[in-house]
Protein chains: 2
Amino acid sequence: MEIKLAVDAVVFGYDKEYGISILLIKRKFSPFKGDWALPGGFVLQNETLEQAVERELIEETGISISYLEQLYTFGELNRDPRQRVVSVAYFGLVKSSKFKKLSATTDASEAKWFNIKDLPKLSFDHADIIGMAIDRLRAKITYQPIGFELLDKKFPFSDLEHLYTSLLDRPIDRRNFKKKIMHLDILEELNEKVKLKGAGRPASLFRFNKKNYERLVKRGMHFEI
Amino acid sequence: MEIKLAVDAVVFGYDKEYGISILLIKRKFSPFKGDWALPGGFVLQNETLEQAVERELIEETGISISYLEQLYTFGELNRDPRQRVVSVAYFGLVKSSKFKKLSATTDASEAKWFNIKDLPKLSFDHADIIGMAIDRLRAKITYQPIGFELLDKKFPFSDLEHLYTSLLDRPIDRRNFKKKIMHLDILEELNEKVKLKGAGRPASLFRFNKKNYERLVKRGMHFEI
DNA sequence: GCAAAAGTGTTGGGCCTACACCCATGC
DNA sequence: GCATGGGTGTAGGCCCAACACTTTTGC
């Protein structure tokens, strides 16, 4: 019997209320029936790896992602009890609005968001894959302004700040953080304000400047908080 | 027909004389017969991906490497004209002494080192794979003190300096470079000197302090030259 | 008026860059 | 003695961390 090739996707979503979350599906069949697993499946003969990931995500969760990159290929011998399966894991991000849409409609569904601090028991070696993806996400914020892919088009600055504090799991200096981000010259302040949570001063909305953002990503950056 | 799974290895060697080089083999069979290619081949049913890489390297080149990490998995549809092949590419480094050994004995052999500035025509998509590996190597020197894996146990400081200048392809300030490296606290100066190339003042030998080196790698570093 | 979150500047110190001359050897 | 490569120190400037009070809103 040949080696089978699969893909798996670790998709992150973020929202100030729910925190940083990962999309999982409930397995319908043995092995690990009833446990949670990463969305994914076997690669078809005539599709690329990326196409396989996107197809499986649509089939299993209905979601389409805003950012996708390869994470790592897992090839240990007994990952799957049935046969030899090598899996190419991908790392994906979805925007906050899509995150909310799915999280509001999945109570009875097979796909569900789980906060990364509160993950269920996982199938196969998916806990390892998720661990590596979280490491990648944490590392990424030091060299890429990933907020662009996780937040919506317009957002209050505090959303970005909360994203970083959840990811770093520690408070940051708001003044220094704002100076540093603004210095990258990838954010534009809009003439719009939103009132958040009832109390508190209304916040200005910001959006990413796509051109400057891409220039920065291409040129490379380094960013310690 | 199923998708076949292969591995390929981009192995770097370094020597002050030859510069930064990659190990290639000459293909004996069609397709691309007579062209140069990365060492690699199909993964067997009962070996891990790393084992497959190491086996192929021994079989095809006789070399054993001092550092190996996964680079990227290439899964485009027409990489191989015969059938669908997905290949997991690895990134390897060998120590200078082994590099010299092979380069001295391979005149008539099928395995040969090529300076990265002077590569031959390559088979399949191996030029893309090598391009990505070189990017990884360049990026790596800014966050990992890779000299440890490319140089021998003992080496004059100028070897490390030349490694960086070849990789960066520009001159660096020797005094600042030395201060910066020494500040990492991973090098020990030995009470030994070597005479190099006949003329010139003899140089002190250094070696890596393995414990401090590993602590640094674990903790993470960032290093701009 | 008070609770909640947004918004906003300055300074001291550490680090990093820029820079040039002497030393030990072979021939 | 000259060519070759090894070895070494400092000062000025920039950047970054540390730090707290005011503003605008809801209740």
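All figures in this text were calculated on a predicted structure; none of them were measured in a lab. Numbered from 1 within each chain, the chains take letters A, B, ... in sequence-line order.
Heavy-atom neighbours of A:Lys154 NZ from other residues, nucleotides or ligands within 6.0 Å: at or below the threshold of 12.
Side-chain atoms of A:Ala203 lie closest to C:dG7 of the nucleotides D:dT25, C:dA20, C:dG7. Side-chain proximity of B:Lys195 to the nucleotides D:dA18, C:dA20, C:dT25 is greatest for C:dT25. When distances run from any side-chain atom of A:Arg174 to the nucleotides D:dA18, C:dA24, D:dA20, the shortest one goes to D:dA20. Listed nucleotides: D:dC19, D:dG26, C:dA24. Nearest to the side chain of B:Pro202: C:dA24. The nucleotide whose nearest atom lies closest to any side-chain atom of B:Asn176 is, among C:dA18, D:dG26, C:dG7, C:dA18. Set against D:dA17, C:dA20, C:dA6, the side chain of A:Lys180 has D:dA17 as its closest nucleotide.
Rounded to whole angstrom, the span from the CZ atom of A:Arg201 across to the C1' atom of D:dT25 amounts to 9 Å. When the P atom of C:dC16 is taken as reference, atom CZ of B:Phe177 falls 14 Å away, rounded to whole Å. Atom pair A:Glu161:CD and C:dT8:P shows a separation of 13 Å (rounding to whole Å applied). The CD1 atom of A:Ile181 sits 15 Å away from the C1' atom of D:dC16 (whole-angstrom rounding). Across the protein-nucleic acid pair, B:Phe155 atom CZ and D:dG6 atom P stand 14 Å apart, rounded to whole Å. Remark: P of C:dA4 and NE2 of A:His162 are 14 Å apart, rounded to the nearest angstrom. Nucleotide D:dG26 holds its C1' atom 17 Å from the NZ atom of A:Lys193, rounded to whole Å. When rounded to the nearest whole Å, the span between CD1 of A:Ile225 and P of D:dA18 equals 13 Å.
Counting only N and O atoms by type, the side chains of B:Asp35 and B:Ser123 include no donor and acceptor under 3.5 Å apart. For the 3.5 Å distance criterion, the side chains of A:Lys95 and A:Ser66 fail to qualify, holding no donor opposite an acceptor.
Look at B:Lys140 and B:Glu69 and you find a salt bridge, because one of the NZ, NE, NH1 or NH2 atoms lies within 4.0 Å of a carboxylate O, short of that distance.
Dashed line: the shortest gap from a side-chain N or O of A:Ser158 to OP1 or OP2 of C:dA5 is not under 4.0 Å. The phosphate of C:dA6 (OP1 or OP2) has no side-chain N or O of A:Ser204 nearer than 4.0 angstrom.
Taking for each of A:Asp173 and B:Pro156 the nucleotide of DNA chain D with the nearest heavy atom, the 5'-most of the two is the partner of B:Pro156. Nearest-nucleotide positions on DNA chain D place B:Arg175 closer to the 5' end than the other of A:Arg175 and B:Arg175.
A:Lys179 comes within 4.0 angstrom of a nucleotide base, judged by non-hydrogen atoms across all strands.
Taking the ring centroids of B:Trp113 and B:Tyr18, they lie at or beyond the 6.0 Å cut-off.
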